[in-house]
Amino acid sequence: MALARPFAIIARHAWIDGDFRPARLDIDDGVITEITLAQRAFDEPGDGDSTDIVHIPDDAVLLPGLVDSHVHVNEPGRTEWEGFRSATLAAAAGGVTTIVDMPLNSWPPITTADALRIKRLCAGRSSYVDVGFWGGAVPENLGTLATLHDAGVYGFKCFLSPSGVDEFGHLDREQLLRAMTEITGLGSRLIVHAEDPALLAGEGALGASYDGFLRSRPPESERSAIETVIDGVRRTGCRTHILHLSDASALPAIRAAKAEGLPLTVETCPHYLTIVAEEIPDGASEFKCCPPIREASNRDQLWEGIVDGTIDAIVSDHSPSTVDLKRAGDGDFGLAWGGIAGLQVGLAATWTEAQSRGIPLATVLPLYTTGPAAVAGLDGVGVIAEGRRAHLTVFAPEEPMTVNAEQLEHRHPISAYDGRTLAGRVRRAWLHGEVVFDAALGEAGEAPHLRRPPAGHLLRAGTAAPA
Ligand code: ZN
């Protein structure tokens with residue numbers, strides 16, 4: 001594939017080293033080769049050379065390409081729910097240039113090295129952004145995680161309660177400890193869906209009442225599971241990450257564990273930070289996810305966890321399905337598929353809520369960049385720095401956008417964000433120095449995605465890619 005010629009980007013507000021600075025970025029062969037900071041970038045914009053220069057308007061910020069370490073692509077096996085092409089188009093349009101795909105809901109699940117090989121082939125055919133992979137730790141593969149680790153997964157996901165698909169079983173307490181011990185020995189990391197099955201209502205119909213659904217998955221179920229996880233981390237030293245925290249009452253235990261020095265991190269999602277149970281109409285199953293979206297007071301406390309640094313990352317947990325499955329049971333919250341489709345609107349949605357709370361964009365950005373990169377152990381992404389890949393995003397924080405689910409890039413026109421007006425908008429994204437999304441082209445009636453770039457199919461650092 002021909003490489004773009006060298007070019008430069010000049011921006012008044014480039015997010016570099018945790019601050020907005022005026023800067024010129026020189027880019028060659030997909031890499032940021034030089035950064036010129038401060039006023040000099042504007043005083044000597046061209047230096048008389050013939051380099052093409054892209055000027056970022058002053059009403060927009062230049063960000064590192066965003067990182068989303070929690071995405072369910074579902075291909076192969078359930079590609080009719082979501083596939084690499086549609087998911088990565090949505091990612092690019094949301095300014096996300098690196099995703100890490102979850103090991104379940106696609107089939108076969110990524111619990112063996114063979115399954116990972118198939119997954120990588122699928123991703124290689126149709127991805128518009130870089131894709132990395134989580135493996136799964138399930139009762140059947142404990143003791144053999146090394147093969148999947150050696151094949152290049154970033155870490156292992158487990159459930160403590162039923163996962164929603166039969167082929168991906170959950171771990172009991174004893175199995176959790178075994179997994180933690182094994183993963184510690186590999187130098188890998190564990191990521192946990194933490195709900196305590198003993199405190200969840202059983203499977204099956206629940207009715208259309210959102211309140212009924214909320215009561216079926218109470219805060220105690222998360223709190224109890226998270227205490228179990230923390231106990232396991234203390235005993236084994238396993239580097240562990242709590243996925244999609246919804247229950248803010250678990251934050252004190254997480255704060256205490258971090259203060260104790262345990263290797264624990266935690267993420268939450270835009271839907272927990274922006275939507276509240278009080279607003280969800282009965283039967284509106286597009287809002288169903290597990291753990292559930294809780295009340296407004298809970299949301300306030302989650303924001304405290306963002307501001308005080310307890311929460312490490314904000315990720316989409318993008319988990320779409322077909323419209324039929326999402327509407328299964330005609331709005332019965334027990335029967336509908338649980339998962340929110342929001343990969344494309346995450347930063348804009350979170351920023352809208354942050355702004356209304358007087359929280360600056362600078363507080364939120366690490367949770368979309370360096371935070372999730374660290375959760376997955378991704379090297380070289382989530383920062384604008386010399387020698388790093390030129391994954392970049394232009395975000396206009398004051399440009400409103402109304403979400404229309406029909407126009408989102410993911411496969412099916414259903415989203416919890418449909419109809420919401422958001423306070424900011426992604427205008428453009430570069431991957432390896434090539435434009436992968438340009439909103440201006442979309443407005444001109446052209447495809448906003450220029451062409452399929454050579455996405456990288458990231459493996460762990462030090463893992464050789466099979467030919
Ligand atoms: Zn998930």
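All values reported here derive from a predicted model rather than from experimental measurement. Just follow the structure's listing: the first ligand is 1, and inside any ligand the first atom is 1.
Listed by chain and residue number, T274, R299, W303, S356, R357 satisfy the side chain to side chain contact (heavy atoms under 4.5 Å, CB included) test with E353 (two or more places apart in sequence, or in another chain). Residues passing the ring pair (Phe, Tyr, Trp, His ring centres under 6.0 Å) test with Y272, sequence neighbours excluded: none. In this view, R223 satisfies the salt bridge (Lys or Arg N to Asp or Glu O under 4.0 Å) rule with no residue, not counting sequence neighbours.
For the pairing with H244, the side chain to side chain donor-acceptor pair (under 3.5 Å) check across H193, E267, H70 returns one residue only, H193.
Around the Zn ion (ligand 1), the protein N, O or S atoms closer than 2.8 Å are H70 NE2, H72 NE2, D317 OD1, listed by chain and residue number.
Applying the 6.0 Å contact sphere to CZ of R173 captures no more than 12 heavy atoms from other residues, nucleotides or ligands.
Under the 3.5 Å distance criterion, with hydrogens and angles disregarded, a donor-acceptor pair is assigned to the side chains of Y368 and T350.
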